[in-house]
Amino acid sequence: MIDLRALRTDPDRLRASQRARGEDDAVVEKLLDLDERRRSALSAFESQRAEQKSVGKSVSRAQGDERQTLLDRAKELAQQVKEAEAEAQRLDQELQTLVATVPNVVEDGAPAGGEDDFVVLETVGTPRAFDFEPKDHLELGESLGAIDMERGAKVSGSRFFYLTGVGAQLQLALLNLAMDQAIQNGFTPMIPPVLVKPEAMEGTGFLGAHASEVYHLPQDELYLVGTSEVPLAGYHMNEILGDLPRRYVAWSSCFRREAGSYGKDTRGIIRVHQFDKVEMFSYCDPENAHEEHLRLLEWEKEMLAKVELPYRVIDVAGGDLGTSAARKYDCEAWVPTQNRYRELTSTSNCTDFQARRLSIRFRDEGARTRPVATLNGTLATTRWIVAILENHQQADGSVRVPQALQRFLGREVLEPVAK
RNA sequence: GGUGGAGUCGCCUAGUGGCCGAGGGCGCACGCCUCGAAAGCGUGUGAUGGGGCAACCUAUCCGUGGGUUCAAAUCCCACCUCCACCGCCA
């Protein structure tokens, strides 16, 4: 949720943001108008209510005829107050509904435009030159006995899979490495619930434009999370925090319907309905949010270096940001058989957008409460297995295990197995 | 799933229709006292929206949402959460 007071003082900022996202800036006029009407309706209600209260008090003290006169007046006022309150509530509701559709204000410096208008900030490492024909991750995964798509489909349908044998071990090792790194860096480890109430889903901004991506269990009115960002943001819902920053790292399964991605990445485990992820999450003073964002990016790069992958960092354009994000950096690893970079991590600065909706505050120097900033960033996911297998494969069909992973995996090479 | 009990300011608690514009205690902050501290004494002590440059004013908030009433923490209805016990399952 955007800040209405900030909107009143600087409406041009939201207009510019809407344009950077390629969205309608006429909403700004509507918001200002509704807000104006809401405030005057509220004032009207308040003064009538104040009078009603004082007349009500005098009823209890009055006697005889005077009491009857006051009672009549009080009844009359009660009716008026009821109407005034309803009107103020109606306008407030209307405003809230409209505000809920407005995405976060884009950070200065973020590229304008859509999906293809990202800016490459940095390229780290070089794609490897193969002296043999590289296999794709699924072919490797099958010959290593690591990935079983067919049985995944048999049991659960398309875009489901089993990680088997060394595949399961590889994921455990990868996610443990990620958890370990974050804990070393001072994060508090968490294993959160993956089913959440509507407030948590709504508050993090996932029930807006992307609601069709989310699994919903209507019998219990719960949602399956697409990322642990949701339970991590919900963790401090309706709280006033003392010390900032607070950094959490969570391991969770993630669930995505992948509606509207029919035919995209249908092979292997690049785009699936269920995967595991280690996610960093930070609550901090909005003044420090940009620096914190860069820190999260550094920690992602630290992790990518450990698995020895070539990658690039992109600054995602306004139109491709999620509802809650003001700025987003993705790290994309090189995938040899696709001859292109694919997203492995994504870190978003949500400024105070989620916190305002979830009512997560802190006390600033003036001891006033203000919404905190929330930020999130990926540290490892199931998809990383794709890049690890493909980039570290060897001519004989085996896969070299990056050194940092060896300690967690207990082996240096993954060997093909007989069927 | 069933039965019973409970949810009031950071914490504990008082409060069964107008004296609640929520009292007390703890904690916290400031002050007095003290060489310094403790104890003691005094003062203050929430959130959210609106108005105002400001001090301040105002409305709302007693788990949540409705309702009754001129007037609700208090009465009524529904729901949520927690605790205890029972049943079922792991």
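Hydrogens, waters and symmetry mates are skipped; everything else that's a heavy atom, side chains included, is used. First the proteins, then the strands, lettered A, B, ... as listed; each starts at 1.
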- Going 5' to 3' through nucleotides 60-79 of chain B and flagging B where a protein heavy-atom sits under 4.0 Å of the base, S where only the sugar-phosphate is that close, and - otherwise, we get S-------S-BS--------
- With A/E122, which residues qualify under salt bridge (charged side-chain N to carboxylate O under 4.0 Å, His left out), at least two apart?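 If we apply the salt bridge (charged side-chain N to carboxylate O under 4.0 Å, His left out) test to A/E122, skipping adjacent residues, the hits are A/K301.
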We want to know whether [X] and [Y] form a side-chain donor-acceptor pair, criterion being a heavy-atom distance below 3.5 angstrom.
| X | Y | value |
| --- | --- | --- |
| A/K306 | A/Q181 | yes |
| A/S282 | A/E292 | yes |
| A/T227 | A/K277 | yes |

What integer number of Å spans the [atom1] atoms of [N] and [M]?
| N | M | atom1 | answer |
| --- | --- | --- | --- |
| B/G1 | B/C88 | P | 16 Å |
| B/C77 | B/G5 | P | 14 Å |
| B/C11 | B/C28 | P | 15 Å |
| B/G17 | B/U13 | P | 23 Å |
| B/G36 | B/A22 | P | 39 Å |
| B/A29 | B/C80 | P | 41 Å |
| B/G23 | B/A73 | P | 14 Å |
| B/C12 | B/A71 | P | 33 Å |

Atom [atom1] of [X] and atom [atom2] of [N]: how far apart are they, to the nearest Å?
| X | N | atom1 | atom2 | answer |
| --- | --- | --- | --- | --- |
| A/Q96 | B/U48 | CD | C1' | 12 Å |
| A/R370 | B/U48 | CZ | P | 13 Å |
| A/E199 | B/C80 | CD | P | 13 Å |
| A/I240 | B/U48 | CD1 | C1' | 10 Å |
| A/D92 | B/A59 | CG | P | 18 Å |

Within the distance-only criterion (no hydrogens, no angle test), does the side chain of [X] pair as donor or acceptor with the backbone N or O of [Y] below 3.5 angstrom?
| X | Y | value |
| --- | --- | --- |
| A/Q354 | A/I360 | no |
| A/H392 | A/V307 | yes |
| A/H216 | A/Y223 | no |
| A/S156 | A/A153 | no |

In the strands shown, is [N] matched to any nucleotide by a Watson-Crick or G-U wobble pair with both distances under 3.5 Å, and which?
| N | value |
| --- | --- |
| B/C19 | none |
| B/U64 | B/A78 |
| B/G31 | B/C41 |
| B/C9 | none |
| B/G1 | B/C86 |
| B/A59 | B/U48 |

For residues 91-100 of chain A, which side-chain N or O atoms pair as donor and acceptor with protein atoms under 3.5 Å away, sequence neighbours left out?
residue : atom : partner : partner atom : Å
A/D92   : OD1  : A/R38   : NE           : 3.2
A/E94   : OE1  : A/R90   : NH1          : 3.1
A/T97   : OG1  : A/Q93   : O            : 2.8

- Candidates A/M201, A/E202, A/E279 - the one meeting side-chain contact (heavy atoms from CB on, under 4.5 Å) with A/V230: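 When A/M201, A/E202, A/E279 are each tested with A/V230, the side-chain contact (heavy atoms from CB on, under 4.5 Å) holds only for A/M201.
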- Message: With a 4.0 Å cutoff (strictly under), does any side-chain N or O of A/T369 reach OP1 or OP2 of B/U48?
- Response: yes
Would you tabulate the pairs of protein nitrogen or oxygen atoms and nucleotide nitrogen or oxygen atoms of nucleotides 55-58 of chain B closer than 3.5 angstrom?
residue : atom : partner : partner atom : Å
B/U58   : O2'  : A/E46   : OE1          : 3.2

- 5' precedence on RNA chain B between A/R361 and A/L42 (nearest-nucleotide basis): A/R361
- Message: I need the residues from residues 1-12 of chain A with at least one non-hydrogen atom less than 4.0 Å from RNA chain B; give them sorted by number, or say none.
- Response: A/R5, A/R8
- Task: Could you check if a side-chain atom of A/R295 sits within less than 4.5 angstrom of a side-chain atom of A/R247, using non-hydrogen atoms only?
- Result: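 The answer is yes, as the side chains (C-beta and beyond) meet within the 4.5 Å cut-off.
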Mind listing the side-chain donor-acceptor pairs of residues 14-22 of chain A below 3.5 Å, one per line with the distance, residues two or more places apart or on another chain?
residue : atom : partner : partner atom : Å
A/R15   : NH1  : A/D12   : OD1          : 2.6
A/R15   : NH2  : A/E29   : OE1          : 2.7
A/S17   : OG   : A/V106  : N            : 3.0
A/Q18   : NE2  : A/D24   : O            : 3.0
A/R19   : NH1  : A/D25   : OD2          : 2.9
A/R21   : NE   : A/N104  : O            : 3.1
A/R21   : NH1  : A/G322  : O            : 3.3
A/R21   : NH2  : A/N104  : O            : 3.1
A/R21   : NH2  : A/G322  : O            : 3.3
A/R21   : NH2  : A/A325  : O            : 2.7

- Message: Is the distance between the ring centroids of A/Y248 and A/H236 under 6.0 Å?
- Response: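 Yes, close enough.
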